[in-house]
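Below: one structure, written as structure tokens.
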Amino acid sequence: MTENDNIIGTEPEQTAAPTRSGFVALIGATNAGKSTLLNRLVGAKVSIVSHKVQTTRAIVRGIAIHKSAQIVFMDTPGIFKPRRRLDRAMVMSAWGGAKDADLIMLLIDSERGLRGDADAILQGLKDVHQPKILVLNKIDRVNPEDLLKLTAAANEVVEFERTFMVSATTGSGCTDLLDFLTDRLPEGPWYYPEDQISDLPMRQLAAEITREKLFLRLHQELPYASHVETEKWEERKDGSVRIEQVIYVERDSQKKIALGKNGDAIKAISTASRKELSEILEQPVHLFLFVKVRENWGDDPERFREMGLEFPRG
């Protein structure tokens, strides 16, 4: 080689990490914080949250992108001892979602521990063959010694690959959880476009938002016998959207509760829902709510299809 020869240097090739994707079923007892955790992991609101138990009725898929992975979380209805047909449909949906997933993530409320439904869910998981991880939520409210005891007790019943301790409210521990899921899911192409955060149709999401406001406003007065459907959706020339929704209840007495004195309750629900929908859609929203009585809607197969639930026979 002479001094006139050119020496060409090359940088080491940067190999991109392979893409990964998969479905993670998020199961647990009612009010364990599943919807709050889902919204935290996705980074946006995709599932409604209220202090009323059994708020989530059907499987809601929230899509998170973390590093090279697309993680599709399946927020299932809380698992509990069913009493009504709707209860049975919700529990069926939860277990069905768990058995369809690549990985099962059991969320336990650290304050409640294994009391009640949590222990029954652990027993049920013995017959589910997918890999499982345990997530203890609300750890900021429990001392560390109790968390370790809870971890040991749960792992005695079911063999979990890993245990994570998180606070869905503050986000503590959530990054470690996402890191693990990213490495754990199988290699493969993403299932959804990069900018999609849920597979819930916007009309259905809008109905869920209004149902959340209904629960938050009337959680003490109105029983579970209420359902919201988006009946009309009109994109207007001025860039706004007109939405008409119907709140179905089972009796006239429930209709009076939903309307409130001088219509105060329905106005407050409409205002809160319209505000949030405007933020989500990033356009002005004209929301019109109507309350109708439909006796025994909880036994109507069509209402179950609207909610994305299978109608239990018998």
Side-chain angles (χ1 to χ4, degrees), residues 29-31 34-35 47-60 75-97 116-117 200-233 243-274 276-277 287-314:
T30 57
N31 255 2
K34 296 186 304 299
S35 296
S47 189
I48 68 173
V49 179
S50 85
H51 297 298
K52 199 175 184 71
V53 298
Q54 301 154 28
T55 302
T56 300
R57 286 178 172 169
I59 291 176
V60 177
D75 180 22
T76 61
I79 298 174
F80 57 101
K81 187 175 181 179
R83 293 186 298 273
R84 306 164 300 164
R85 192 188 298 270
L86 178 59
D87 296 343
R88 297 205 309 275
M90 290 162 61
V91 172
M92 284 168 52
S93 175
W95 282 116
D117 294 324
L200 200 65
M202 188 51 67
R203 291 170 67 104
Q204 192 175 341
L205 177 60
E208 287 290 277
I209 294 295
T210 298
R211 188 163 67 91
E212 176 188 56
K213 306 313 175 192
L214 182 73
F215 276 3
L216 292 174
R217 171 80 185 194
L218 301 172
H219 65 95
Q220 296 294 340
E221 298 94 338
L222 193 67
Y224 289 102
S226 60
H227 172 57
V228 181
E229 291 182 16
T230 300
E231 292 207 333
K232 291 185 180 179
W233 187 291
I243 302 172
E244 294 184 13
Q245 295 178 331
V246 177
I247 299 171
Y248 288 106
V249 294
E250 289 188 319
R251 296 188 295 274
D252 283 324
S253 59
Q254 296 168 358
K255 180 176 180 180
K256 292 177 182 177
I257 293 172
L259 291 172
K261 187 177 181 181
N262 299 320
D264 289 347
I266 198 70
K267 289 176 185 175
I269 293 165
S270 179
T271 298
S273 183
R274 176 177 52 80
E276 182 157 334
L277 286 170
L287 178 62
F288 298 87
L289 299 183
F290 306 90
V291 184
K292 295 182 180 180
V293 177
R294 178 175 280 164
E295 294 183 3
N296 300 319
W297 71 259
D299 293 322
D300 181 359
E302 181 61 28
R303 303 282 73 77
F304 281 71
R305 283 192 289 271
E306 284 285 340
M307 289 185 282
L309 292 171
E310 182 179 342
F311 184 74
R313 300 292 176 179

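None of the values given here were measured: they were computed from a predicted structure. Values below: every heavy atom of this structure, side chains too, minus hydrogens, waters and symmetry copies.
Although no hydrogens or angles enter the test, the distance criterion places a donor-acceptor pair under 3.5 Å between the side chain of Arg203 and the main chain of Glu231. Between the Lys292 side chain and the Lys255 main chain, no donor and acceptor come within less than 3.5 Å of each other.
Rounding to the nearest 0.5 angstrom, the gap separating the OG1 atom in Thr210 from the CD1 atom in Ile243 is 7.5 Å. The distance from atom CZ of Arg294 to atom CD of Glu250, rounded to the nearest 0.5 Å, is 11.0 Å. Going from atom CD of Gln204 over to atom CZ of Arg211 covers 9.5 Å, rounded to the nearest 0.5 Å. To the nearest 0.5 Å, atom CG of residue Leu214 and atom NE2 of residue His227 are 12.0 Å apart. Interatomic distance, Leu259 CG to Ile266 CD1, rounded to the nearest 0.5 Å: 6.0 Å. From Thr230, atom OG1 reaches atom CD of Glu244 across 10.5 Å, with rounding to the nearest 0.5 Å.
Minimum heavy-atom separation, Ala258 to Ile269: O-CD1, 4.4 Å. Nearest heavy-atom pair across Ala265 and Ile257 is CB-O, 3.9 Å. Closest heavy-atom contact between Ile209 and Ser273: CG2-OG, 3.7 Å.
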Let me see the working for Tyr248 and Glu229 under side chain to side chain contact (heavy atoms under 4.5 Å, CB included), right down to the final yes or no.
CA-CA 8 Å; Tyr248 288 106; Glu229 291 182 16; 3.8 Å; yes

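Between Glu276 and Lys213, at least one side-chain nitrogen of the basic residue sits less than 4.0 Å from a carboxylate oxygen of the acidic one, meeting the salt-bridge criterion.
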